[in-house]
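Just so it is clear, the model here is predicted, and its values are computed rather than measured.
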Amino acid sequence: MSTPPSSSSGASSGSAPARCRPDTYAPVVEVHACGRAWTLERHADLESLWEELAACDAPNPVADTTGTTNAARAAFVDDERLPYWTELWPASLGLAEWLAENRAALQGRRCLDLGCGLGLAAIVGQWLGARVIGMDYEEEALRFARLNAARNGVAQPLWTVMDWRMPAVAARSLDMVWAGDIMYERRFVTPVSDFLDYSVARDGMVWVAEPGRNVYATFRETLEARGWTTRCARTMQVDALYRQAERVTIHLWEMRPPRT
């Protein structure tokens with residue numbers, strides 16, 4: 001099993017290491033973060049999974065009679081169970097670098113990767129010495145996350161299917177929660193804030209990496225109204241998985257709950 005290199009504490013700004021980027025989708029990708037290469041397997045690219053989802057709209061005599069297909073698709077879309085997990089987003093790469101820079105703070109701590117997707121940040125955290133729970137709403141995502149931990153020679157985090165609206169962890173039991181670009185709509189702000197209020201220890205912290213989406217300003221304002229403190233701990237430039245002209249700006253937010 002590989003072991004992580006030592007690393008200094010985080011800085012206020014900087015760039016994640018550049019890496020070789022593919023021009024088209026590949027089912028297995030290699031990225032460089034935290035001083036090493038990581039190989040990640042995934043189901044399909046996001047566009048392909050969207051096409052599979054759209055195929056549910058095709059005429060089906062049985063489904064048209066019972067309404068089963070249309071009802072299942074409506075529930076899927078209404079609940080935002082969309083296959084974002086199959087992509088490796090720039091925020092996850094930035095988050096992985098931040099974890100490496102703060103490895104001393106992770107040692108032996110009870111940590112949760114909220115919406116872990118393919119598992120990169122959870123795997124990195126486990127490799128750095130944290131006791132990690134990798135949580136996602138989609139069981140298929142966790143199947144690939146488990147494969148990716150094994151592929152990279154890292155002890156398995158505790159992978160669990162969980163809905164942030166129904167926490168399956170004890171109250172105030174987590175020292176750290178981290179997430180990479182998990183919100184796209186304001187309707188997620190309240191349930192995620194409720195989850196953090198419930199699960200994070202009073203002396204704990206939350207790290208969120210995101211690419212400047214407006215919803216995160218609402219998220220921070222909501223937490224601040226509940227007594228949380230928030231700060232931008234770092235801004236960095238990160239490559240997108242696919243080749244593009246410019247690197248992506250990622251903001252790393254540190255959030256701490258009220259002590260009482």
Asks: Would the Trp38 and Trp127 ring centres measure less than 6.0 Å apart?
Replies: yes

Asks: For Arg213, what residues pass the salt bridge (Lys or Arg N to Asp or Glu O under 4.0 Å) criterion, not counting sequence neighbours?
Replies: Asp181

Asks: Give every residue pair that meets the salt bridge (charged side-chain N to carboxylate O under 4.0 Å, His left out) criterion with at least one member in residues 107-129, sequence neighbours excluded.
Replies: Arg109-Asp175, Arg110-Asp175

Asks: Calculate, to the nearest 0.5 Å, the distance between atoms SG and CD belonging to Cys34 and Glu97 respectively.
Replies: 5.0 Å

Asks: With a 4.5 Å limit on heavy-atom distance, are the side chains of Ile250 and Thr235 in contact?
Replies: no

Asks: Can you tell me if Thr230 and Glu224 form a side-chain donor-acceptor pair at under 3.5 Å?
Replies: yes

Asks: Side chain to side chain contact (heavy atoms under 4.5 Å, CB included) with Arg202: which residues, sequence neighbours excluded?
Replies: Arg172, Pro257, Pro258

Asks: Atom CG in Leu95, atom CE in Met236: separation rounded to 0.5 Å?
Replies: 8.0 Å

Asks: Is the shortest heavy-atom distance from the side chain of Leu114 to the side chain of Leu112 under 4.5 Å?
Replies: yes

Asks: Within the structure provided, determine whether Met166 and Phe195 are in side-chain contact (heavy-atom separation under 4.5 Å).
Replies: no

Asks: So does Glu254 pair up with Arg256, basic N to acidic O under 4.0 Å?
Replies: yes

Asks: Is there side-chain contact between Ile133 and Thr160, with heavy atoms separated by less than 4.5 Å?
Replies: yes

Asks: Are the side chain of Thr222 and the backbone N or O of Thr218 linked by a donor-acceptor pair below 3.5 Å?
Replies: yes

Asks: Quick one: does Tyr137's side chain get under 4.5 Å of Arg165's, heavy atoms only?
Replies: yes

Asks: Taking the side chain as everything from C-beta on, heavy atoms only, tell me whether His251 gets closer than 4.5 Å to Tyr216.
Replies: no

Asks: I'd like to check Asn148 versus Leu120 (side-chain heavy atoms, cut-off strictly below 4.5 Å). Are they in contact?
Replies: no

Asks: Decide whether a cation-pi geometry holds between Arg220 and Trp228; the criteria are a distance under 6.0 Å from NZ or CZ to the six-membered ring centre and an angle within 45° of the ring axis.
Replies: no

Asks: Given 3.5 Å as the limit, does a donor-acceptor pair link the side chain of Glu210 with the main chain of Trp253, or not?
Replies: no

Asks: Between the side chain of Gln126 and the main-chain N/O of Val132, is any donor-acceptor distance below 3.5 Å?
Replies: yes

Asks: Within this structure, what is the OG-CE distance for the pair Ser193 and Met183, rounded to the nearest 0.5 Å?
Replies: 6.5 Å

Asks: Using every non-hydrogen atom in the two residues, find where Trp159 and Cys116 come nearest and quote the distance to one decimal.
Replies: CZ3-SG, 3.9 Å

Asks: Tell me if a side-chain donor or acceptor on Arg131 pairs with a main-chain N or O of Gly108 at a distance below 3.5 Å.
Replies: yes

Asks: Start with the C-alpha gap between Glu41 and Arg151, add the side-chain angles, then the distance that decides, and say whether side-chain contact (heavy atoms from CB on, under 4.5 Å) holds.
Replies: CA-CA 9 Å; Glu41 182 178 351; Arg151 177 185 285 271; 3.1 Å; yes

Asks: Answer yes or no: is there an ion pair linking Asp203 with Arg259, defined by an N-O contact shorter than 4.0 Å?
Replies: no

Asks: Please name the pair of heavy atoms, one in Val238 and one in Pro90, separated by the smallest distance, quoted to 0.1 Å.
Replies: CG1-O, 3.6 Å

Asks: Are the side chains of Val208 and Phe219 in touch, meaning some heavy atoms are under 4.5 Å apart?
Replies: yes

Asks: State plainly whether the residues Arg226 and Asp194 are in salt-bridge range, i.e. N to O under 4.0 Å.
Replies: yes

